[in-house]
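Let me begin by presenting the structure, written as structure tokens, before commenting on it.
What you see is a predicted model; the values in this text were computed from it and never measured.
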Amino acid sequence: MKSCFPLAAYMNSRKAEWLMASVALAWGSSYLLMKLGLDGIGPYNLIALRFGIAFFVMSVLFFPRYRLLTVSTLAKGIVMGIILFLIFYGMVNGVNHTTASTAGFLTSTTVVMVPVLECLLKRTLPSKTIVIGTLLAVAGLFLLTAKDGISLDLGAIYCLIGALFYAIYIIVIDKVAKGPDAFLISIIQLGIASLLGALFMCLLETPSLPQTPLQWGAILGLGLICSAYGFVVQPIAQRYTSPEKIGLIFSLEPVFSALLSYIFLHEILGIQGYIGAALIFSAVIFTELSKRPPVSSSQK
């Protein structure tokens, strides 16, 4: 591990948290970059290019890792790649039909969905924390996206599909991506997501490349910064800080998304939208804080 991650030799808790914040910023910018990239190419074309670039870069940088490849590792990578594609099927189509800032807040509902799904899988009643977090998220969702009556716009539905599969991804990866093959699984899944994007692109779209420097910059940013950089930095930094702090740092992702969308795309949610976004953000923070175990007197 040390030879592959020389940065780890200089890591401590504070540096790790700053690195995780940079990943949250990168992922928050992905909604803006997807919006820009979709001006020139179709959703599946974007998925194919984004993850194709990330897979190529990661494979070149960490090619020695392929010596650890086994049938089991490949199978796990394929499963995770399929789920990853489904996440971005929802996210990219969602961004294509709604604002980038709205998409960022809707995708953050994953944090609330995970404990709900775990309750369903374990066939247990949800705790008071889960109920409160879910109610806050639902109220925020209504205020942020309801246009006519109680209906949701198409972009919101796609974003929620992406958030649901992201929650499934978190649960599944906790089961399959443990041990020395975890990093290799993360590389393989990028290639699988790219292949599925290319397949749907050929079936449903006209394959094309970005036509302007701005579009190329958006695609390269998605591939190199939002995907490759995130997958390199996250496994390094998360070993030096707590899961609770990681969750709280990542809750900044929709805030970064809204801020960047306001600066570069001049997106304004309106009073009702901002109240809805605040409720969703509150649900995320409340759910994350509730995960912290009680501190005993000996730990203080």
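When atom types are taken as modelled, the side chain of W27 and the backbone of C226 share a donor-acceptor pair closer than 3.5 angstrom. Here the side chain of Q211 pairs a donor or acceptor atom with the backbone of L209 at under 3.5 angstrom. The backbone N or O of S208 sits less than 3.5 Å from a side-chain atom of N45, completing a donor-acceptor pair. In terms of modelled atom types and a separation under 3.5 Å, the side chain of S261 and the main chain of S257 share a donor-acceptor contact.
Here the straight-line distance linking atom CE of M113 with atom OH of Y166 works out to 13.0 Å at 0.5 Å rounding. Separating the OG1 atom in T107 from the CG atom in L160 is a distance of 8.5 Å, to the nearest 0.5 Å. For the atom pair E267 CD and T98 OG1, the distance stands at 8.0 Å (nearest 0.5 Å). Going from atom CG of L184 over to atom CZ of R65 covers 8.0 Å, rounded to the nearest 0.5 Å. Note: L33 CG to Q215 CD = 12.5 Å, rounded to the nearest 0.5 Å. Atom OG of S194 sits about 15.0 Å away from atom OH of Y44, to the nearest 0.5 Å.
The shortest non-hydrogen separation linking G37 to I219 is CA-CD1, 4.3 Å. Looking at every heavy atom in both residues, G77 comes nearest to I192 through O-CG1, 4.0 Å. Nearest approach of A103 to V95, heavy atoms of both residues: CB-CG2, 3.7 Å. For the pair A167 and L117, the tightest heavy-atom approach, listed with the atom from each and the gap, is CB-CD1, 3.7 Å. Between A156 and L106, the shortest heavy-atom distance links the atoms CA-CD1, 3.5 Å. The two residues L196 and G81 make their nearest non-hydrogen contact at CD1-O, 4.3 Å.
A side-chain donor-acceptor contact under 3.5 Å links Y169 and Q189. Side-chain N/O atoms of T99 and Y31 include no donor and acceptor closer than 3.5 Å.
The neighbour count for I271 CD1, taken as heavy atoms of other residues, nucleotides or ligands under 6.0 Å away, does not exceed 12. Remark: Y229 OH is packed, more than 12 non-hydrogen atoms of other residues, nucleotides or ligands lying under 6.0 Å away. More than 12 heavy atoms of other residues, nucleotides or ligands shown are found within 6.0 angstrom of CD1 on I263.
A 4.5 Å side-chain heavy-atom check between S101 and L260 finds every atom pair outside the cut-off. A heavy-atom distance below 4.5 Å is found between the side chains of R50 and S30. Two residues are said to be in side-chain contact when any heavy atoms from C-beta on lie closer than 4.5 Å; I187 and F62 meet this criterion. Annotation: side chain of F51 is in contact with side chain of F88 (closest heavy-atom distance under 4.5 Å). By the 4.5 Å heavy-atom criterion applied to side chains, M201 and I41 are not counted as neighbours. Y66 has its side chain within reach of S59: a pair of non-hydrogen atoms, C-beta onward, lies under 4.5 Å apart. With contacts defined as side-chain heavy-atom distances shorter than 4.5 Å, the pair L36/L265 qualifies. Contact of the M58 side chain with the S227 side chain is not registered, since no non-hydrogen atoms from C-beta on lie closer than 4.5 Å.
A continuous path of Ile, Leu, Val, Met, Phe, Trp and Tyr side chains, each step under 4.5 Å between heavy atoms, connects M34 with L84, placing both in one hydrophobic cluster. Taken together through direct or relayed side-chain contacts under 4.5 Å among Ile, Leu, Val, Met, Phe, Trp and Tyr, I82 and L164 form part of one hydrophobic cluster. With hydrophobic clusters built from ILVMFWY side chains whose heavy atoms lie under 4.5 angstrom apart, W18 does not share a cluster with L252. By the rule that hydrophobic residues join a cluster once side-chain heavy atoms approach within less than 4.5 Å of another member, L120 and V112 end up as members of separate clusters. Under the 4.5 Å side-chain heavy-atom criterion for ILVMFWY residues, a single connected hydrophobic cluster contains both V79 and I168.
Separation of the F200 and F85 ring centroids falls under the 6.0 Å cut-off.
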Please tabulate, one pair per line, all N/O donor-acceptor pairs under 3.5 Å involving side-chain atoms of residues 68-75, not counting sequence neighbours.
residue	atom	partner	partner atom	Å
T70	OG1	T73	N	3.1
T70	OG1	T73	OG1	3.0
T73	OG1	D181	OD2	3.2

Show me the side-chain donor-acceptor pairs of residues 273-286 shorter than 3.5 Å, one per line, residues at least two apart or across chains.
residue	atom	partner	partner atom	Å
S282	OG	A278	O	2.8

Steps toward side-chain contact (heavy atoms from CB on, under 4.5 Å) verdict (L195, L199): CA-CA 6 Å; L195 285 175; L199 175 62; over 6 Å; no

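Ring geometry for Y89 against Y158 counts as perpendicular: the plane angle is over 60°, on a 0 to 90° scale with 30° as the lower cut.
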